[in-house]
Each structure stands twice: as structure tokens, then as C-alpha cells.
Number of protein chains: 2
Amino acid sequence: MLAKIGDKWSILTIMMLSDGTKRFSELQRGIDGVSQRMLTLTLRGLERDGLVTREVFPTIPPRVEYTLTPLGRSLQVPVIALGQWVTANLPELEAARRRFDAAAEEA
Amino acid sequence: MLAKIGDKWSILTIMMLSDGTKRFSELQRGIDGVSQRMLTLTLRGLERDGLVTREVFPTIPPRVEYTLTPLGRSLQVPVIALGQWVTANLPELEAARRRFDAAAEEA
DNA sequence: ATCCTAGGTTACGATTCGTAACCGGAAAGG
DNA sequence: CCTTTCCGGTTACGAATCGTAACCTAGGAT
């Protein structure tokens, strides 16, 4: 269960949906590097876990909107905290990696 | 980066290390279902990112202790929040899954 | 006729994961 | 002696997952 919620795409998707309902293409544009397939799979997983709702408008071309459920909104709090921690500490994480990799180089 | 930090085993490991230094076997016993290999890989990843330190005591049999760095301790706050959310909402998540799977059954 | 749209599925190669076996060297038990 | 036990780690290999790219739907616009 933790595996799915801690998942990279799930976290980014929940962060995206935190400021309101979004359609599929908006999410795809907003989440850097996500493929159509991965976004579809992620959204299905979140829907399955009762975290988002999926609403289809049968127009041509189709329109699909995703919204956080109350349960999803309650998850939004810790998820955003985690996301912010990562962005805030990204430079330090990358520096640590460079140090580690450089030290491992001396083999 | 998010991928590694949101990772299931990383989260559980950081939660384990939150109440102090632990040795390898303690972590393995405390983290339900983790294999030796996965724990090793997870700890190396956390060490690489500067979140834990690894200290080897060259005795026979060997002893290895893992400790959260200051950076790791700062991550501990949002990670524990996420972990607690999951355990608190586990019943509701499982219920949602059952509903979703039952509805999908009607094909 | 052809292209464009938005969301989704399929096929397939590339990673990653998990299980299980094995390793080290000293020390304790038979 | 010979075997077993200790702990942390590595290796091998099959299974699951991920990511890229192609294709699909059907109507409206060019």
C-alpha cells in the first residue's frame, strides 16, 4: 500500500490535483516527464484506492476530469509536505550523491 | 529523486531509524517483509543521498550500524506523517479497492 | 480526402524487484 | 577434527514493472 502511495507519479499527481479539478491533458502537461501510459496507470490506481474520482464527458474529442475525493484531500497534506521537503533539499541531496559517487570511484 | 525517497522500503527504513541508531539485523527484523537484498540496496541508496551514515565494526561476526544524518532527521518529519496517514487510513483504502474491483468485475 | 483533437490501449525492450543460494572467518559444540 | 552458528553482504535468475513508441476512436475543420 505504501508502495503505491509513495510512488513518484502518485505524489506528483496528488500535488497537481491539490489546486482543483484537472483534465488528463492538463495533468500530463503539468507533471514533468510523465508518459500517457504512466499517467493513465497512476490515475487508475488512485481511483481504485478512492483518492480521486474520474468523470468522463462523452464529447468529441473526449474530455475527462479528475478530482481529489475527501480522502484524497486528507492525503494531500502529508504528500505536499514530502514534496516540498524534496524540492527544498534537492541541492543538498545531489551534492551528497556526487560526494558518494566520487568516493566510490576510488576502487 | 522523489522516486527513491517515496519508495516503500526507504520510508519504512527512515521510520525505523527515527528512534535511534540500529544495526542491520534489527532493521531487517523490524521492517516486515523486507529481504536482505532490498534492505541492503535501500540503505545504500539512503547513504548515497546523505540521509544515513553507515558504520562498520570489523568484528567476527560483523556488526554494522546505521544512523540518520541531520538531513535524514529533517526528512523524518514528513515521512512519518505520510506513514501515519497510511496506517490510519488503511481500512478505508482497502474498502475502496474492494468496491472498485467489484464494480470492475461486471464486464 | 486528410489532418487534428483528447484520452486510452497495445506491443515490446529495458529496468527493477524478489527469492534463494552462497560467502567470509572466528568461535562454540559435538 | 568436523560441523554449526553468527551477521552482513553479494550473486544468479525468474518475475513483475517501467518507459517508449505506435495505433485506435470518431467527429469537425482544412
Side-chain angles (χ1 to χ4, degrees), chain A residues 1-14 16-17 20-49 51-68 97 100-101 103-104 107, chain B residues 1-14 16-17 20-49 51-68 97 100-101 103-104 107:
Chain A
M1 218 71 191
L2 245 179
K4 196 161 299 168
I5 277 160
D7 174 69
K8 169 177 149 191
W9 300 128
S10 298
I11 289 179
L12 294 172
T13 302
I14 289 169
M16 268 286 139
L17 289 176
T21 297
K22 294 234 175 326
R23 48 190 304 188
F24 187 91
S25 49
E26 287 180 287
L27 289 170
Q28 191 171 10
R29 275 191 297 275
I31 302 173
D32 189 58
V34 73
S35 69
Q36 207 162 37
R37 177 178 126 91
M38 278 300 111
L39 184 54
T40 303
L41 288 177
T42 302
L43 286 167
R44 282 243 195 300
L46 294 176
E47 190 193 358
R48 181 158 103 107
D49 291 341
L51 298 170
V52 306
T53 56
R54 176 177 187 268
E55 198 176 1
V56 182
F57 299 87
T59 59
I60 300 282
R63 191 160 71 90
V64 183
E65 292 187 348
Y66 293 91
T67 311
L68 285 181
R97 278 200 183 180
F100 186 91
D101 293 348
Chain B
M1 218 71 189
L2 244 177
K4 196 163 299 172
I5 278 162
D7 174 70
K8 168 177 149 193
W9 300 128
S10 298
I11 290 179
L12 293 172
T13 302
I14 290 169
M16 267 288 137
L17 289 176
T21 296
K22 294 234 176 329
R23 49 191 303 188
F24 188 91
S25 49
E26 288 181 287
L27 290 171
Q28 192 172 10
R29 275 190 297 275
I31 301 174
D32 189 58
V34 74
S35 69
Q36 206 162 36
R37 177 178 126 90
M38 280 299 110
L39 184 54
T40 303
L41 288 177
T42 301
L43 287 167
R44 281 243 196 300
L46 294 176
E47 190 193 0
R48 181 159 103 108
D49 291 341
L51 299 169
V52 306
T53 56
R54 175 176 188 270
E55 199 176 0
V56 182
F57 300 85
T59 59
I60 299 285
R63 190 158 71 93
V64 183
E65 291 187 345
Y66 292 92
T67 312
L68 285 181
R97 279 200 181 180
F100 186 92
D101 293 348

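Lettering of chains follows the sequences in order, A, B, ..., and the numbering in each one begins at 1. These numbers were taken from a predicted model, which means no experiment stands behind them.
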field: First and last nucleotide of DNA chain C, 5' to 3', lying under 4.0 Å from heavy atoms of chain B
entry: C:dC17 to C:dA26
message: Rounded to the nearest 0.5 Å, what separates atom CZ in A:R44 from atom CZ in B:F100?
response: 6.5 Å
statement: note: B:L39, atom CG; D:dT10, atom C1'; distance rounded to Å ~ 14 Å
query: For the residue pair B:V56 and B:P58, what are the closest heavy atoms and their distance?
result: O-CD, 3.6 Å
field: Distance test, side-chain N/O of B:R29 to OP1/OP2 of D:dG8, below 4.0 Å
entry: no
message: Do B:T13 and B:L46 have side chains that approach each other closer than 4.5 Å (heavy atoms only, starting at C-beta)?
response: yes
- request: Write down the atom of B:I5, the atom of B:S10, and the distance for their closest heavy-atom approach.
  value: O-CB, 4.1 Å
task: Take B:D49 and A:R97 through the side chain to side chain contact (heavy atoms under 4.5 Å, CB included) test and state the conclusion after the steps.
output: CA-CA 5 Å; B:D49 291 341; A:R97 278 200 183 180; 2.6 Å; yes
message: On DNA chain D, compare the nucleotides closest to A:P62 and A:L41; which residue's is nearer the 5' end?
response: A:L41
- request: Take the protein atom CG of B:L27 and the nucleotide atom C1' of D:dG9, then report the distance between them rounded to whole Å.
  value: 14 Å
- request: Select one nucleotide: of D:dC6, D:dG9, D:dG19, the one nearest the side-chain heavy atoms of B:P61.
  value: D:dC6
query: Between A:R29, A:R63, A:Q36, which is the residue that forms a side-chain contact (heavy atoms from CB on, under 4.5 Å) with A:F24?
result: A:Q36
- prompt: Where the side chain of B:D7 meets the backbone of B:W9, is there a donor-acceptor pair that is under 3.5 Å apart?
  reply: yes
task: Within residues 30-38 of chain A, find the residues that approach DNA chain C with a heavy atom at under 4.0 Å, and present them sorted by residue number.
output: A:Q36, A:R37
task: To the nearest Å, give me how far apart CZ (B:F57) and C1' (D:dC6) are.
output: 17 Å
query: How close or far is atom P of D:dG8 from atom CZ of B:R54, stated in whole angstroms?
result: 10 Å
- line: To the nearest angstrom, the OH-C1' distance between B:Y66 and D:dG8 comes to 8 Å
message: Whole angstroms only, please: what is the CG-C1' distance between A:D7 and D:dT17?
response: 11 Å
statement: Correct closest heavy-atom pair for A:M16 and A:I31 would be CG-CG1, 3.6 Å
Residue pair A:L39 / A:L27, side-chain heavy-atom distance below 4.5 Å: yes
task: Quickly work out the A:I60 CD1 to D:dC24 P distance and round it to whole Å.
output: 17 Å
